[in-house]
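Here is how names work: the chains are called A, B, and so on, in the same order as the sequence lines, proteins then strands, and each is numbered from 1.
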Amino acid sequence: MDLARFLVGALLVRDAPEGRVSARIVETEAYLAQGDAASHSRSGQTARNRSMFLARGHAYVYFIYGSAYCLNVASARNGVGEAVLLRAAEPLEGLELMRKRRPKAKNDAALLRGPGNLAAAFGLDRRLDGADLCEAGSELYLARGTPPAAILETERIGISRDAHHQLRFLEAGSPFASGPKRPRA
DNA sequence: CAGAGGATCGGCT
DNA sequence: GCCGATCCTCTGG
């Protein structure tokens, strides 16, 4: 939860041969190592989720519903399956490349709205699973950004099991966020 | 090996 | 807000 909150306002950068894209994260969700029926790590480590068990700051990228990739940041220590899902971001650099990768986006504010869309605009797939996101200058990394004026906490999205409490974090009033914005700052 | 379900998206009502 | 597409992953027998 600490990392999920911390990452709202942080920057995500990808430097790839096709070009550079960057964005400011506005929405995240926490998936806990203990007592979280919705976490991919709920039944232990598998071939798919092993990166979730890497040390804090590593990427966990998975493929879902046969159509979308999602990017997470591992949040605990090596051996503990816990991560933060990046759900939405504000486009900063490489808008043209993002539009090319996301031709269906209705407008620029929607380019990075939703975890699958964010990953698509960044051109991510399983090749970046396990990458260290803490080294500036590597292909994909996190950097300091501008903190939000206020952070809202809501229930997570798309969870059919037990909805849990407030494990979703988003910048208050952000036009780049996904889903409903319930109160409770 | 078969079966079930999913941390989604986009289109339609 | 509701629903279907799509296919990967895990579980159980």
Side-chain angles (χ1 to χ4, degrees), chain A residues 1-8 10 12 23 25-54 56-76 80-89 91 98-131 133 140 142 151-171 174-182:
Chain A
M1 290 172 72
D2 288 339
L3 183 64
R5 184 184 285 277
F6 179 75
L7 287 177
V8 176
L12 180 67
I25 297 163
V26 301
E27 180 183 341
T28 64
E29 279 180 355
Y31 287 86
L32 312 180
Q34 300 293 332
D36 189 347
S39 173
H40 284 186
S41 63
R42 64 186 176 279
S43 299
Q45 191 171 338
T46 66
R48 179 206 203 192
N49 70 12
R50 66 186 183 285
S51 297
M52 203 173 166
F53 291 76
L54 294 175
R56 184 187 320 149
H58 287 79
Y60 165 42
V61 181
Y62 65 85
F63 188 56
I64 190 69
Y65 294 124
S67 61
Y69 290 93
C70 294
L71 172 64
N72 298 250
V73 183
S75 58
V80 177
E82 199 168 70
V84 172
L85 171 67
L86 303 188
R87 288 197 55 90
M98 293 183 188
R99 292 187 199 108
K100 184 178 169 188
R101 287 169 173 157
R102 292 245 317 117
K104 289 177 193 164
K106 286 181 177 146
N107 53 62
D108 288 351
L111 282 172
L112 308 175
R113 184 178 290 154
N117 292 332
L118 190 160
F122 270 69
L124 305 181
D125 57 34
R126 289 278 287 178
R127 285 175 299 186
L128 282 155
D129 183 51
L133 302 178
L140 183 66
L142 294 162
I151 293 182
L152 265 41
E153 301 184 24
T154 79
E155 291 185 347
R156 293 180 298 194
I157 293 178
I159 306 295
S160 63
R161 309 177 75 92
D162 64 280
H164 262 179
H165 339 318
Q166 316 292 101
L167 291 173
R168 170 173 173 247
F169 301 84
L170 67 156
E171 178 174 38
S174 173
F176 306 99
S178 77
K181 305 172 182 60
R182 264 163 278 179

Participant: When every nucleotide of nucleotides 7-13 of chain C is labelled 5' to 3' by its protein contacts under 4.0 Å (heavy atoms), B for base, S for sugar-phosphate only, - for none, what sequence of letters results?
Facilitator: BSSSS--

Participant: Round to the nearest Å and state the distance from Tyr69(A) atom OH to dC9(B) atom C1'.
Facilitator: 15 Å

Participant: Can you measure Arg42(A) atom CZ to dA7(B) atom P for me and round it to whole angstrom units?
Facilitator: 6 Å

Participant: Return yes if some donor-acceptor pair links the side-chain N/O of Arg126(A) with the main-chain N/O of Val61(A) below 3.5 Å, else return no.
Facilitator: yes

Participant: Once the angle between the rings of His40(A) and Tyr60(A) is folded into 0 to 90°, is it parallel (under 30°), tilted (30 to 60°) or perpendicular (over 60°)?
Facilitator: perpendicular

Participant: Please convert DNA chain B into dot-bracket. A pair counts if it is Watson-Crick or G-U wobble with both distances under 3.5 Å; crossing pairs go in [ ] and bases paired with another strand get |.
Facilitator: ||||||.|||||.

Participant: Does OP1 or OP2 of dT8(B) have a side-chain N or O of Arg156(A) closer than 4.0 Å?
Facilitator: no

Participant: When you compare the side chains of Ser41(A) and Asn49(A), does any donor N or O come within less than 3.5 Å of an acceptor on the partner?
Facilitator: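 No, because no side-chain N or O of Ser41(A) sits under 3.5 Å from a partner of the opposite role on Asn49(A).
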
Participant: Quick check against the 3.5 Å criterion: does Arg42(A) have a side-chain atom that pairs as donor or acceptor with the backbone of Ser39(A)?
Facilitator: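 A pair under 3.5 Å: yes.
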
Participant: Report yes if a side-chain nitrogen or oxygen of Arg87(A) is closer than 4.0 Å to either non-bridging phosphate oxygen (OP1 or OP2) of dT8(B); otherwise report no.
Facilitator: yes

Participant: Nearest 0.5 Å, please: how far is CG in Asp125(A) from CZ in Arg127(A)?
Facilitator: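 These two atoms lie 4.0 Å from each other.
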
Participant: Taking atom P of dA7(B) as reference, at what distance in whole Å does atom CZ of Phe169(A) sit?
Facilitator: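 Answer to the nearest Å: 18 Å.
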
Participant: Can you name the nearest heavy-atom pair linking Leu170(A) to Val8(A), along with the distance?
Facilitator: C-CG1, 4.3 Å

Participant: Specify the separation, in whole Å, of atom CG of Leu86(A) and atom P of dT8(B).
Facilitator: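 Between P of dT8(B) and CG of Leu86(A): 13 Å.
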
Participant: Check the distance between dC9(B)'s C1' and Arg101(A)'s CZ and give it to me in whole angstrom.
Facilitator: 19 Å

Participant: Under 4.0 Å, heavy atoms only, any strand: does Asn117(A) hit a base, just the sugar-phosphate, or nothing?
Facilitator: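 It contacts sugar-phosphate atoms only.
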
Participant: With rounding to the nearest 0.5 angstrom, report the CG to CZ distance, Asn117(A) to Arg87(A).
Facilitator: 10.0 Å

Participant: Could you check Glu27(A) against Leu118(A) for side chain to side chain contact (heavy atoms under 4.5 Å, CB included), going step by step and ending with a plain yes or no?
Facilitator: CA-CA 11 Å; Glu27(A) 180 183 341; Leu118(A) 190 160; over 6 Å; no

Participant: Roughly, in whole Å, what's the span from CG in Leu85(A) to P in dC9(B)?
Facilitator: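 Rounded to the whole Å, the gap is 9 Å.
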
